[in-house]
Engineer: 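What follows is a single structure, and I will ask about it in a moment.
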Amino acid sequence: MGKNSSLLDALPTAQGTLHVVMLGLDSAGKTTALYRLKFDQYLNTVPTIGFNCEKVKGTLGKSKGVNFLVWDVGGQEKTATSLEIIHEVHGWHYIRAGFR
């Protein structure tokens, strides 16, 4: 992608739901990001055991009206290595905690 393009420019134009997987270490903020997308507010969360899956509808820019199925995979090694259950993934998003 060039300087003037965005992640949304790379979205497939296929109809239907786009599948996205969020991966990251424990306590990196994957569940917080998922619920921020889903409910447009910050919620108190607990550590994810296994995974969360939510349908999210895009509301801004080129994602407006696009349906996403977002998988939030727990950061534990046992869970993260069992990704064969997720098929036809259109995107991966790795979340890294920003400690200073």
Engineer: List the atom of F39, the atom of L43, and the distance in Å for their closest heavy-atom pair.
Structural biologist: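 Smallest heavy-atom distance, with atoms named: CD1-CD1, 3.6 Å.
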
Engineer: Using side-chain contact (heavy atoms from CB on, under 4.5 Å) as the criterion, list what pairs up with T59, not counting sequence neighbours.
Structural biologist: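 Here no residue qualifies.
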
Engineer: Mind checking side-chain contact (heavy atoms from CB on, under 4.5 Å) for K38 and listing every partner two or more places apart, or none if nothing turns up?
Structural biologist: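 For K38 the side-chain contact (heavy atoms from CB on, under 4.5 Å) partners, ignoring immediate neighbours, are E54, V56.
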
Engineer: Does the side chain of K57 reach to within under 4.5 Å of the side chain of V66, using non-hydrogen atoms?
Structural biologist: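 The answer is no; the side chains never approach within 4.5 Å.
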
Engineer: If every non-hydrogen atom of V20 is compared with every non-hydrogen atom of F68, which pair is closest and at what distance?
Structural biologist: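 Closest approach of V20 to F68: CG2-CD2, 4.0 Å.
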
Engineer: About how many Å separate CG of L23 and NZ of K30, when rounded to the nearest 0.5 Å?
Structural biologist: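 If I round to the nearest 0.5 Å, the distance is 8.0 Å.
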
Engineer: Does the side chain of L69 reach to within under 4.5 Å of the side chain of C53, using non-hydrogen atoms?
Structural biologist: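 Yes, side chains in contact.
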
Engineer: What's the separation between atom CG in L37 and atom OG1 in T32, rounded to the nearest 0.5 Å?
Structural biologist: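 Here the rounded value is 11.0 Å.
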
Engineer: What I'd like to find out is whether the side chain of L18 reaches to under 4.5 Å of the side chain of N67, using heavy atoms alone.
Structural biologist: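 Not touching, per the 4.5 Å side-chain cut-off.
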
Engineer: With sequence neighbours excluded, what pairs up with N44 under the side-chain hydrogen bond (donor to acceptor under 3.5 Å, both in side chains) test?
Structural biologist: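 side-chain hydrogen bond (donor to acceptor under 3.5 Å, both in side chains) check on N44 returns nothing, list empty.
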
Engineer: Does any part of the side chain of N52, heavy atoms only, come nearer than 4.5 Å to the side chain of Y35, both counted from C-beta?
Structural biologist: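 Y35 reaches N52 side chain to side chain.
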
